[in-house]
Structures are given as C-alpha cells and as structure tokens.
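Worksheet: one structure, shown below.
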2 protein chains.
Amino acid sequence: MTSGRVTIADVARRAGVSTAAVSKVVRGAYGVSAEMQTKVTQAIDELGYRPHAAARALRGRTYTLGVMLSDTRNPFFPDIIEGVTGRLGDTEYQVLLGPGGIEPKTQARMTDAMIDRSMDGLILISPVMTDAELAAIATATPVVVVGRHGGAAAYDAVVDDDMMGAKLVVDHLVGLGHTRIAHITHLERARAQGLPHTVRAEGYRQAMRAHGLADDVLATSFTEEGGFEGARELLARDDRPTAIFAGADIAALGVLRAADEAGLSVPEDLSVAGYDNIGIASLKRISLTSVDQDGHVIGATAARLLVERIEGRSRSVTSSVSPTLIVRGTTGPPRL
Amino acid sequence: MTSGRVTIADVARRAGVSTAAVSKVVRGAYGVSAEMQTKVTQAIDELGYRPHAAARALRGRTYTLGVMLSDTRNPFFPDIIEGVTGRLGDTEYQVLLGPGGIEPKTQARMTDAMIDRSMDGLILISPVMTDAELAAIATATPVVVVGRHGGAAAYDAVVDDDMMGAKLVVDHLVGLGHTRIAHITHLERARAQGLPHTVRAEGYRQAMRAHGLADDVLATSFTEEGGFEGARELLARDDRPTAIFAGADIAALGVLRAADEAGLSVPEDLSVAGYDNIGIASLKRISLTSVDQDGHVIGATAARLLVERIEGRSRSVTSSVSPTLIVRGTTGPPRL
DNA sequence: CTAACAATGGAGAACGTTCTACACAATCCC
DNA sequence: GGGATTGTGTAGAACGTTCTCCATTGTTAG
C-alpha cells in the first residue's frame, strides 16, 4: 500500500500466514489445505498482488517464452505468432517476440539476450546460425526450431513438408495437362543447410521425374524482381514452358508481371503457381494458386513441443506439417 | 566454470577484486581507476561473463524495452520495429515485442506482463485501451504511445499527421483535374478517440472544402471487401466519382477490383489512391498511389522519446511525423 | 605539519521470490 | 499404545545483482 509494489510478504501478513505458504498457493504447489487456499487467494485479490517475474527468475521460472523472428517481413510470421499465442493463451506462459534480424550476428545477440533474461524456452523461426551455434543455445535452454529441415539433435523441430508441397503443385499442373513446367528458385549464398527453397526445388525435381518429365530449374531470387527476371528468361525461349512454379509467392508476382509484359494471358497462355499463400494471393485481383503452409498449425505445434520440453521430455522430436494446395485463378489447362 | 552460469563473483575472484568493483565496471559507474577497468574487463572477456538480467531487475534496470503490438498484421509494423531497433541497435537496450491482440482485455494482459517483467519502458502501438488505462500504465513505467491522436498527459506520443496525409491526396487529385472525389472510411465501433481513420476522413473533408468542392464520405471497413462494396456503390451512381480515395491501401485494392468488374480502366476512367503504402502497392502489377507513413521514422522517434523519458525527462512530448505522397500508376487526369 | 578533501575500493544489506529442510499434528497399522 | 506414515505449515538460505555507506589512501591548502 505505502510503496509501489505489493509483494508476497504483504499477502502473507494480510492472510496471517508465512511467505512460503503464499508461494505455494501462487504456484499451485503440493501441500496446501483448502482453508489456506481460500485465505491466501482472498488476500491476493484484495491487495491486487502480481508475482514479480524478475524475482521468480532468480530462483525458479519466468513463465516467459521467447520467439526469435528472423525476418519480420516474413509473410506467414503473423500466422505462426497467432498459432503460438493461441495455444498458450490459457496457460500461465507469456510470449515475447525478439526481432533477430537476418544476420547471424544479430540473431545470436537476440538469443543471448533472451537467455540472459532467463526465458523458460525459445522458439527460433528460420534461424540462419550454424548447427553448432544452435546446439549451444539448446544446451542452455529448451529450444524448438521452426522452418529448418534436418539436424535436430538437442532440440525439437517443426517443419513444413516442402517436399510434398512442391509435389502438390507439380501434380496439379500435370493433372491439368502441362508437360513443360519450369521452377524458379532462390540462389543459395548462405552455408546453412536444409533451407526451405532447397527442399522445394528438390521436391519439384523428384515430382517431375516421377511423371517422366524433364525438370527445368532457374535460380534467381525470392523477390518480385527475381521472379520477373526469371520468367522473362524462360518466356523468351523457343519452347517456352506452359507453366511456371515459383518457389515463393513474392516471386510469382514478378512472374505475373512478366506475363503481362509479354502479352500472355494467365492462365490460358501461362499457368503460374507460388508457394506460401501470402495474404494478397487471395485478393481477387491476383488470385494466385499457391501452397498454404498453415502457419497457425506450425506455431501451435512449436508451442506444444516447447512446453513439453520444458516440462521434462528429453527425447527430441521433429514434427512435419503437411501443406495444402490452394487452387485459384492463375492455373488452368494449357492452350492446345 | 563448474556450474552453468558465470556470475559477477566469478569475475571478481578471477580479477582479485570485490564484486562491488566489478559491478561498477560493468555499469560504467563513477569511481573506477584505469587499472581496475582493464583488470576487470579482461576477466570478463576470459570468463565470458554476461550480466543476469533478472538479478539486475531486482535492484536496478533490465535494459529491456517492450513494444506492444496491437495487430501483428498491420502492414507497416515491420517498418516501425526496424525504426525502433535501428535506433537502439548500438545502445545497451534490448527490444522485445509483445503481441497484444486487438482486444482491450488481451492488450491489458500484455502490458501487465511487461510491467511484471520490470521492463524499463514501453512503446504501445495503436493501443485500444481507454485513456484512463493508458494513464495507469504510464504511472507504472515510462510510456510512448504510437498512432493515437490527442490525449498525451502522462506519456509521450508519436503520430502520423493523418490530416496532412489526406490533404496531400486531395491536392494531388484536384491538381490532376478531378472534382468528384469520394472517400471510403472505416466504420467506427470502438469508443477510443483520435484513431487514424477518423482524422483522415476529417482531413479529406477540410481539404475538399478548401478547394470549394463537395465532400462525399462512405463508411464501410478497411478490408478488401469493404473497399469493394464501397466502390461498387459509388460507381453505380449517375454522377459517379472520377476518383476514389480509400483510407487504407487494403481497401484501395478492393476498389481496384470493383473497377475491374465494372469494366473501368484505371486511371483513365477512375483514379484510385490509398493510404499506408503497403509493400504490394509498389509492385508493378498494382502500382497504387498511396500515402507513406514512414514507419521507420515513427519507430526511431518513439525509441528516442522513450529513452529520454527513462533517463529523466518528465515534461511530456508529442511528435508528429509528416507523411509523403507516393504517386504511382493508379492516379491520372480524368478522361474529359 | 595537520586538517580537509577527493579518489578509489570494499562490506554488506537489500530486492522478491523459490525451495529444501524440518516441526508438528493427526492418522494408521499391528 | 507406540512407531511409522501422511498432511500441513514455517524458517531461512539461496539466487545474482545494485547501491549506500564506510575505510583507506593520496593530495592539497593553510
């Protein structure tokens, strides 16, 4: 009352019990009578007591989970967040997000900061650090990595099945009658392995082979400009493809622009498909066929795995989320 | 060495000094000789010491700033974040983001959680809570509110000059020769005052009046569907407008769709302008004229004000950021 | 030469929790 | 009826910092 903060000691005084007892009630620990329970709960309500997280951190948990975001512009990042918070909404855990930036160095700074703040666990979204660095973090605190294939020794992982996603697109296009299907991927510069675009490209190759078709992969970049340049090159060929599968929606938008400029109508002259199902893909003016990653499920799964880890599981788990194909207006049968 | 964490005591032992001295060096406090400085710094490096944030929080600061996000899908939210982190990148402060959700209740839970974690200061982005709640939070910790006009008693504020943004659009359209310019705004349901769309609509009205033109405001919602419905109604009129100014880009996309469906070409038959300058507005396939809020500057300003507050300023400050008009392909002279 | 003072380093008490021991009472089993 | 067991509450030592004194120097002024 007098000073700012109301502490566990104030509650104990009010209820006429020890601080240890109050602590037990607050934590829902074993060894409290019903009477004690009500007495303390009442005192807490009357005084408006809230546990001081920092003090807790010094001994026990902080009930804080950190989510490191590599790229805040990542289109399905809000979905993942919603999945995480949705899953954790009715628990005592609080979620805080850390903007890690796209550099390994800044990401390391962020994870360090989270560990310094003794968070109970970390979810890392598409981290670009080396496997060694990841392993080091995972020994310091429970970790779930989202969006990186392979390498899950000391931590759990949630990945989208990019291999299957690519197959869905190819199967769809082949089903429509296409045979000349090109793929635009991202040019790899980083050393990190198992990144989504690599797996998507591989999935595309396998699926084409399975249909007895020749693959045709062009590496530019996952930007609107990258898609545009790639498509312009592909469309200038004599036996130009009748369908282009861009490894990311943003690149698919560039492909659409290239088609516009080449005077090709979509989907009659050219079918276009993307990946990620970003928000604008559903806008009627774009209506892009794409692969949906269901960030919501990914986030919820990551949250579940992390809580399991915190609560004791030691065996590491990798969860694969199945993507779905969203067919819209940019794909159709090829003109004969 | 033996157990996990290396503490200030370990450093003190290694350097052969007291813990108090190490603390002084770490904090850069007054009363350390050059010799002490180097000795301790060396020991810190050798042991890889990192201050434990929770322990710090118990006595002093946490060097943590919280940013509460109302809507993680807000298109310029990444810009604001970048502005904040960019400004704070070389300081000792760390930024953590809290997804507050769009409900007053969930936002309150988030801010409480941030206060419980004794963050040194809070930036609230478009909070929907009442002025009273905001004031209560501001007494507990330094606060900067972003995106709400008016009412800045106990806290600082950063707002975009939405009034001027609307004027920029109207002036541009009038300059092209338009006289029948309609505005689509968001239908107000919340009680919170000074929200951006209200101010934009008012700015539109004032600007039209200043040109001696009749205003024409239609309230739907800031969604693609809302823009579509609004535009369909406007375009069905006998004296249909030659230009539509949507209060948000997402609605402007709906307007574009309505124009497509009505067989009107943009900008020849209809000029369209939005607000926010979201990423896709710049895609060549959309090329939407829009008002840019410069989230980067907003974020950087908010960060600066917050740090000033934390370091002692008590007088409250409101900073207004000037928007700029980005003219693209969806606006042009009306067909005569 | 001494009193006053500035500069530096250290002791030790907080800060608000958690949690291990332990005390005490009531119940149970033979 | 006595030892073992179970249930409930408390003392008090951590946890890793910060920060207010206080002690010890060395320097300066008169």
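Sequence lines set the chain letters: A, B, ... in the order given, protein chains first and strands last, and positions in each chain run from 1. Side chains are part of it too, since the values below use all heavy atoms of this structure and drop only hydrogens, waters and symmetry mates.
Overall bending of the helix from C/dC1-D/dG30 to C/dC30-D/dG1, expressed as the angle between end axes built from five pairs apiece, is 40° (10° steps).
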Which nucleotides of nucleotides 6-19 of chain C have their base under 4.0 Å from a protein heavy atom (B), which only their sugar-phosphate (S), and which neither (-), written as one string 5' to 3'?
-SSBBBB-BBBBBB

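With sequence neighbours excluded, no residue satisfies side-chain hydrogen bond (donor to acceptor under 3.5 Å, both in side chains) with A/Thr106. Applying the salt bridge (Lys or Arg N to Asp or Glu O under 4.0 Å) test to A/Arg14 and every residue at least two apart in sequence or in another chain returns A/Glu46. Taking the ring pair (Phe, Tyr, Trp, His ring centres under 6.0 Å) definition, one finds that A/Tyr49 meets it with nothing, sequence neighbours left out. B/Glu82 meets the side-chain hydrogen bond (donor to acceptor under 3.5 Å, both in side chains) test with A/Arg73; sequence neighbours excluded. Qualifying side-chain hydrogen bond (donor to acceptor under 3.5 Å, both in side chains) partners for B/Glu308, counting only residues two or more places apart in sequence or in other chains: B/Arg304, B/Arg313. In this structure, A/Asp294 has no side-chain hydrogen bond (donor to acceptor under 3.5 Å, both in side chains) partners at least two apart in sequence or on a different chain.
Sorted by first then second residue, the side chain to side chain donor-acceptor pair (under 3.5 Å) pairs that include residues 135-145 of chain A, not counting sequence neighbours, number zero.
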Show me the donor-acceptor pairs within less than 3.5 Å that the side chains of residues 119-126 of chain B make with the rest of the protein, sequence neighbours left out.
unit_1   : atom_1 : unit_2  : atom_2 : d
B/Asp120 : OD1    : B/Thr62 : N      : 3.1
B/Asp120 : OD1    : B/Thr62 : OG1    : 3.2
B/Asp120 : OD2    : B/Thr62 : N      : 3.4
B/Asp120 : OD2    : B/Tyr63 : N      : 2.7

Pairs of donor and acceptor atoms involving the side chains of residues 24-35 of chain A, under 3.5 Å and at least two apart or interchain, shall be tabulated with distances.
unit_1  : atom_1 : unit_2  : atom_2 : d
A/Arg27 : NH1    : A/Ser23 : OG     : 2.5
A/Ser33 : OG     : A/Met36 : N      : 3.2

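Within residues 110-120 of chain A, no residue approaches DNA chain C, by heavy-atom distance under 4.0 Å.
Between the side chains of A/Arg117 and A/Thr64, not a single donor N or O lies within less than 3.5 Å of an accepting N or O.
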